[in-house]
Amino acid sequence: MIKNIIFDIGGVIWKGNHSSILDKLNLSLKEKDEIEKVYFKPWLKVDLGKETINERFSSCKFSFKINNDIKDKLINFYKYREFNYDVINLINKLKEKGFNIYILSNNNKEAINYLKGLDILKNIDGWIVSCDTHLMKPSEEIYKALLNKFNLNPHECYFIDDKEKNINAAKKLGIDGYIFKNTDDLINDMIDKKIIKN
């Protein structure tokens with residue numbers, strides 16, 4: 001019987017990926033491509049907790065002027081990301097039904113500290129994040145870190161992530177899962193697997 005529901009953040013609780021902030025910037029396509037390549041692409045050390053966002057930004061050399069508004073949006077991009085409120089509503093309903101709710105995410109310290117302070121995510125029972133563990137999905141070790149820290153039975157867990165490789169890694173450890181596309185399909189999968197009732 002499933003007792004624990006585990007959510008990814010990017011692409012599930014947050015819409016899109018971190019570089020979706022580029023759509024909000026008044027820049028040319030060439031400039032956006034440069035930011036993607038120079039700033040967002042070499043992001044691994046940030047999500048592993050080995051580099052701060054400020055350090056990442058300071059190490060970048062752009063061929064065009066970055067004004068204060070653009071700098072703010074790049075450094076604080078996580079504050080400008082769109083939430084998937086259908087997923088947040090589902091989290092709250094699952095909590096009401098007695099499920100334990102956990103986060104398992106490849107993410108940076110700044111974003112996680114911001115998210116932990118939000119009232120809309122108050123129903124999260126525990127967080128395992130790459131910046132704290134220095135491990136990343138789909139590494140088996142980060143899933144084990146979640147199971148060990150919260151003393152979870154993998155066969156009582158259901159994991160929601162937008163990447164197939166992350167779901168496959170969870171399944172190898174006995175954690176069932178769903179590759180997230182939209183909330184309606186997710187709910188239907190949970191009904192089909194008798195995790196929740198229609």
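Nearest approach of K15 to F83, heavy atoms of both residues: CE-O, 3.7 Å. Taking every heavy atom of both residues into account, Y39 and P42 meet most closely at O-CD, 3.6 Å. Pairing each heavy atom of K32 with each of D23, the nearest pair is NZ-CA, 4.2 Å. Here the shortest heavy-atom pairing between D162 and G10 reads OD1-O, 3.3 Å. Considering every non-hydrogen atom in both N108 and C131, the closest pair reads C-SG, 3.7 Å. Across D185 and N182, no two heavy atoms sit closer than the pair N-OD1, 2.8 Å.
By the 4.5 Å heavy-atom criterion applied to side chains, M1 and E156 are not counted as neighbours. Between D176 and K171, some side-chain heavy-atom pair lies under the 4.5 Å cut-off. Within the 4.5 Å cutoff, no side-chain heavy atoms of N84 are placed close to those of V12. T52 is listed as a side-chain neighbour of E110, based on a closest heavy-atom distance under 4.5 Å. Proximity of M136 to L44: side-chain heavy atoms (C-beta onward) are separated by under 4.5 Å at one or more points. Looking at L74 and L25, their side chains come closer than 4.5 Å, going by heavy atoms from C-beta outward. In this structure the side chain of N123 never reaches within 4.5 angstrom of the side chain of F99, judged on heavy atoms. Under the 4.5 Å side-chain criterion, counting only non-hydrogen atoms from C-beta, I13 is not in contact with L115.
Ion pairing between a basic and an acidic side chain is recognised when a charged N comes within 4.0 Å of a carboxylate O; K137 and D8 show such pairing.
Hydrophobic clustering places I179 together with Y143 (ILVMFWY residues linked when any side-chain heavy atoms are closer than 4.5 Å, directly or through intermediates). Residues L152 and I167 share a hydrophobic cluster, clusters being chains of Ile/Leu/Val/Met/Phe/Trp/Tyr side chains in contact below 4.5 Å. Side-chain heavy atoms closer than 4.5 Å link hydrophobic residues (I, L, V, M, F, W, Y) into clusters, and following such links, even through other members, never connects L173 to I2. Following chains of ILVMFWY side-chain contacts shorter than 4.5 Å, one can reach L94 starting from I160, so the two form part of one hydrophobic cluster. Placement of F159 and L146 within a single hydrophobic cluster is found when ILVMFWY residues are connected by side-chain heavy-atom separations under 4.5 Å, directly or transitively.
A donor-acceptor pair under 3.5 Å is formed between the side chain of K193 and the backbone N or O of G177. Remark: the backbone N or O of Y85 is paired with a side-chain donor or acceptor of N89 at under 3.5 angstrom. Side-chain N or O atoms of R81 include none that pairs as donor or acceptor with a backbone N or O of S20 at under 3.5 Å. Side-chain atoms of E31 do not come within 3.5 Å of backbone N or O of F64 as any donor-acceptor pair.
Rounded to the nearest 0.5 Å, atoms CD1 (I91) and CD1 (I101) are 6.5 Å apart. With rounding to the nearest 0.5 angstrom, the CD1 atom of I195 is 6.5 Å from the CG atom of D189. Here the straight-line distance linking atom CG of D86 with atom CD1 of I187 works out to 7.5 Å at 0.5 Å rounding. Taken from CD1 in I142 to CD1 in I128, the straight-line distance is 7.0 Å, to the nearest 0.5 Å. Separating the CG atom in N168 from the CD1 atom in I175 is a distance of 12.5 Å, to the nearest 0.5 Å. Note that CG of L90 and NZ of K97 are 9.5 Å apart. Values are rounded to the nearest 0.5 Å.
Applying the ring-ring contact (aromatic ring centres under 6.0 Å, His included) criterion to F150, with sequence neighbours excluded, gives Y102. F180 pairs by the ring-ring contact (aromatic ring centres under 6.0 Å, His included) definition with nothing, not counting sequence neighbours.
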Quick one: do K37 and D33 satisfy salt bridge (charged side-chain N to carboxylate O under 4.0 Å, His left out)? Show the steps, please. CA-CA 6 Å; K37 184 179 175 183; D33 285 345; over 6 Å; no
task = Evaluate the side-chain contact (heavy atoms from CB on, under 4.5 Å) criterion for residues V46 and K109: first the C-alpha distance (whole Å), next the side-chain angles of each, then the deciding distance (0.1 Å), finally the verdict.
result = CA-CA 8 Å; V46 183; K109 282 188 189 298; over 6 Å; no
Derivation of the side-chain contact (heavy atoms from CB on, under 4.5 Å) call for L121 and W127: CA-CA 11 Å; L121 295 175; W127 304 66; 4.2 Å; yes
* Asked: Checking side-chain contact (heavy atoms from CB on, under 4.5 Å) for the pair D72/Y80: CA distance, chi angles, key distance, verdict?
  -> CA-CA 10 Å; D72 169 66; Y80 297 98; 2.4 Å; yes
Evaluate side-chain contact (heavy atoms from CB on, under 4.5 Å) for L22 paired with L27, printing each intermediate quantity in order.
CA-CA 8 Å; L22 294 174; L27 294 169; 5.5 Å; no
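Among the candidates T133, N148, L135, the single residue satisfying the side-chain contact (heavy atoms from CB on, under 4.5 Å) test with E141 is L135. The residue from E55, K61, R56 that alone fulfils the side chain to side chain donor-acceptor pair (under 3.5 Å) condition with S59 is R56.
Applying the 6.0 Å contact sphere to NZ of K122 captures more than 12 heavy atoms from other residues, nucleotides or ligands. Within 6.0 Å of CG on N26 lie no more than 12 heavy atoms contributed by other residues, nucleotides or ligands. Residue K24 places its NZ atom among more than 12 non-hydrogen atoms of other residues, nucleotides or ligands, all under 6.0 Å distant. Remark: D69 CG is packed, more than 12 non-hydrogen atoms of other residues, nucleotides or ligands lying under 6.0 Å away. By the neighbour-count criterion of 12 heavy atoms within 6.0 Å, atom NZ of K181 is densely surrounded, having more than that number from other residues, nucleotides or ligands. Annotation for K45: atom NZ does not count as buried by contact number, only 12 or fewer foreign heavy atoms lying within 6.0 Å. In the displayed structure, N67 atom CG is contacted under 6.0 Å by more than 12 heavy atoms of other residues, nucleotides or ligands.
Side-chain polar atoms of N188 and Y178 form no donor-acceptor pair below 3.5 angstrom. Side-chain contact check for D47 and N106: no donor-acceptor pair (N or O, by modelled atom type) lies under 3.5 Å.
Ring centers of F77 and W43: under 6.0 Å apart, within the cut-off.
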